[in-house]
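Heads up: the structure comes next, in structure tokens.
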Amino acid sequence: MAAKKKAPKKTRKKISKGSGKESLTITDNRTGRVYELPISDNTVRGMTFRDIKVDKEDFGLLVYDPGLLNSVTCKSTVSFIDGDRGILEYRGYPIAQLAEQSNFLETAYLIVKGELPNAKHLAAWEHNITMHTMVHENLYKFMDGFRYDAHPMGMLVSTVGALSTFYPDAKDIFDIESRRVQARRLLGKMPTLAAMSYRHSMGLPYVYPDNDLGYTANFLSMMFRMTETRYKPNPVFERALEVLFILHADHEQNCSAHAMRAVGSSDVDPYTAVAAACGALYGPLHGGANEAVIHMLKKIGSVKNIPAYIKRVKAGEMRLMGFGHRVYKSYDPRARIIKEVAYQVFEETGKNPLIDIAVALEKIALEDEFFIERKLYPNVDFYSGIIYQAMGFPLEMFPVLFAIGRTAGWLAQWSEMVQDEERRIVRPRQIYQGERGRDYVDIKERPTPATRERLILARERL
Ligand code: CMC
């Protein structure tokens with residue numbers, strides 16, 4: 001019989017000062033040592049685990065958190081979400097109040113600068129952004145280089161990144177004046193680049209900005225103006241889009257905000273960081289979900305097909321797009337507002353037939369145990385695509401529209417990160433599971449193709 005392993009002697013080690021009960025006591029059963037880790041803001045500093053070692057040579061404990069499900073990566077004052085209660089606030093102001101009473105540029109000011117502007121500051125902000133709606137002529141040539149069927153989001157990612165080559169002063173990220181100018185430029189030029197990508201994909205001539213129009217009206221003009229001398233937007237569409245920009249303006253540490261901060265942490269200019277954020281937004285699990293929702297609703301085709309579709313979702317064959325959220329475990333407050341806006345738009349356009357499928361799908365899903373158990377509710381993307389489609393935006397433009405609104409949030413998150421005293425370049429760790437210390441093999445002596453193939457396949461399955 002194997003000898004019973006002697007229990008290690010307990011020694012208590014304080015990693016750093018705990019304050020009363022605001023601490024966590026951990027016993028490392030490998031050594032018997034007890035550690036007291038301070039808790040602040042309901043978090044434990046990841047680096048305090050590094051002192052938990054088996055011996056002096058040991059690197060120390062790391063925290064394994066794929067997808068950063070339980071990791072806090074920054075302190076922020078931009079937006080607040082209570083996922084259980086379905087609350088979203090920008091700088092402390094409830095989203096519903098802003099959607100009802102504010103406009104996009106005022107909300108962008110609030111998000112970027114932290115306070116609502118007075119009338120004078122708002123007028124200056126609007127003026128400064130409007131003065132930056134034009135882009136360098138070379139950008140039109142750059143845009144022309146894309147294939148006729150290029151996805152507008154791909155074009156946006158590339159052209160916004162290319163802006164860094166036009167504004168080398170943007171590298172001066174620690175200069176507050178430079179940051180302010182880049183913020184105005186980015187907010188001013190995003191709708192222009194977005195509309196250019198649409199016009200290119202449609203083979204239509206580009207429309208230059210009309211600075212007599214407001215922010216959203218000007219965007220609609222650059223999108224849809226044909227031969228008329230003055231473009232007059234439908235006021236219901238203009239307001240609906242304004243509300244959608246407000247609702248998309250920020251959402252704390254989502255995938256694209258994290259990309260903005262992570263890429264920005266290398267001290268790169270904000271245009272390059274926004275290109276990275278746009279790239280993150282493009283994916284179907286993030287800003288591309290609204291496009292995916294329309295594809296899904298079209299595929300379902302009719303209310304009578306919903307139960308069969310839900311069955312397949314429950315069997316794990318696919319996800320219900322526009323449903324579920326990492327943070328919201330109740331109804332996404334943005335989805336509630338968007339659903340109302342949809343019916344206002346339909347009064348102008350006639351009903352988008354997909355809305356009936358969406359409403360029925362929501363009802364059936366919300367009564368189903370699978371969705372109740374997992375706390376899956378409609379998110380911001382569930383109804384937004386239906387509105388965009390009714391207003392005449394092609395599906396490929398949906399993530400681009402999301403990016404216009406979200407630029408305000410990216411800028412605020414980036415600026416906060418640049419000024420954060422605790423800021424470090426984002427550089428996570430890994431658990432290495434690969435080979436070590438192999439000797440180089442001459443090409444003639446390597447395994448036969450079949451054996452190699454098997455080895456590669458075996459590795460891919462890991
Ligand atoms: N349809 C069916 N099942 C789902 C869905 C869904 N849309 N979302 C999550 N689940 C299930 C998932 O299968 C898992 O079940 P189980 O525990 O049995 O394995 C459970 O719910 C938890 O899911 P998760 O993947 O661990 O959750 P997550 O926090 O990692 O993912 C999400 C969040 C938004 C990526 C996910 O809910 C999803 O893929 N939704 C569909 C895509 C979508 O609508 N994205 C837009 C998000 S909101 C706007 C934005 O961020 O841009």
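- The one candidate from R261, H258, R326 that meets the side chain to side chain donor-acceptor pair (under 3.5 Å) condition with Q253 is R261.
- D65 and S71 share a donor-acceptor pair across their side chains, judged by distance under 3.5 Å alone.
- The closest side-chain donor-acceptor pair between R239 and N103, if any, does not fall under 3.5 angstrom.
- Counting non-hydrogen atoms of other residues, nucleotides and ligands closer than 6.0 Å to CZ of R446 gives a total above 12.
- You'll find the ring centres of H127 and H132 outside the 6.0 Å limit.
- The closest side-chain heavy-atom distance from I338 to I387 is below 4.5 Å.
- In this structure, I129 and L105 have side chains that are in contact, with non-hydrogen atoms separated by less than 4.5 Å.
- A salt bridge between K75 and E422 is present, with a side-chain N of the basic residue lying under 4.0 Å from a carboxylate O of the acidic one.
- Judged purely by distance below 3.5 Å, without hydrogens or angles, the side chains of T130 and E126 never pair a donor atom with an acceptor atom.
- Nearest heavy-atom pair, A194 versus L156, reported as atom, atom and distance to 0.1 Å: N-CD1, 4.0 Å.
- Using a 4.0 Å cut-off between a side-chain N of Lys or Arg and a carboxylate O of Asp or Glu, D175 and R180 do not qualify as a salt bridge.
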Given the rule in the salt bridge (Lys or Arg N to Asp or Glu O under 4.0 Å) test, do D420 and R423 qualify, once you have shown the distances and angles that lead to the verdict?
CA-CA 5 Å; D420 187 344; R423 183 178 74 90; over 6 Å; no
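- Counting only N and O atoms by type, the side chains of Q182 and R179 include no donor and acceptor under 3.5 Å apart.
- H151 has its ring centre less than 6.0 Å from the ring centre of Y282.
- For the residue pair Q413 and D250, a side-chain donor N or O sits within less than 3.5 Å of a side-chain acceptor on the partner.
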Step by step, would you call R33 with I52 a side chain to side chain contact (heavy atoms under 4.5 Å, CB included)?
CA-CA 9 Å; R33 278 192 214 112; I52 303 180; over 6 Å; no
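- No side-chain N or O of Y64 forms a donor-acceptor pair with one of Q430 less than 3.5 Å apart.
- Side-chain contact between V243 and E100: absent, with no pair of heavy atoms (C-beta onward) separated by less than 4.5 Å.
- Between F323 and F382, the ring center distance clears the sub-6.0 Å criterion.
- The closest side-chain donor-acceptor pair between S256 and N254 falls under 3.5 angstrom.
- The NZ atom of K311 lies 15.5 Å from the CD1 atom of I306; values are rounded to the nearest 0.5 Å.
- Taken to the nearest 0.5 Å, the CE atom of M397 stands 14.5 Å off from the CD atom of Q389.
- For F393 and F398, the gap between ring centers reaches or exceeds 6.0 Å.
- Classification of K314 and D368 as a salt-bridged pair holds, one side-chain N sitting under 4.0 Å from a carboxylate O.
- For the residue pair H251/Y328, the side-chain donor-acceptor check at 3.5 Å is satisfied.
- S265 places a side-chain heavy atom less than 4.5 Å from the side chain of M417.
- Side chains of T133 and T192: a donor-acceptor N/O pair is absent below 3.5 angstrom, by distance only.
- For T77 and R91, the side-chain atoms include at least one donor-acceptor pair closer than 3.5 Å.
- Ion pairing of R336 with E340 is absent here, as no side-chain N (NZ or NE/NH1/NH2) approaches a carboxylate O to less than 4.0 Å.
- At least one cation-pi condition fails for R319 and F371: the charged atom is not both under 6.0 angstrom from the six-membered ring centre and inside a 45 degree cone around its axis.
- Rounding to the nearest 0.5 Å places CZ of R406 at 12.5 Å from CG of L411.
- For E252 and S79, the side-chain atoms include no donor-acceptor pair closer than 3.5 Å.
- A donor and an acceptor atom, one from each side chain of E115 and Y109, are nowhere located under 3.5 Å apart.
- At least one side-chain heavy atom of L163 sits under 4.5 Å from a side-chain heavy atom of L139.
- Looking at heavy atoms from C-beta onward, F402 lies out of side-chain contact with S384 at the 4.5 angstrom threshold.
- Side-chain contact, T25 with E36: no donor N or O sits under 3.5 Å from an acceptor N or O.
- Side-chain atoms of T107 and F245, non-hydrogen and from C-beta on, never get closer than 4.5 Å to each other.
- Within the 4.5 Å cutoff, the side chain of P399 has heavy atoms near those of the N290 side chain.
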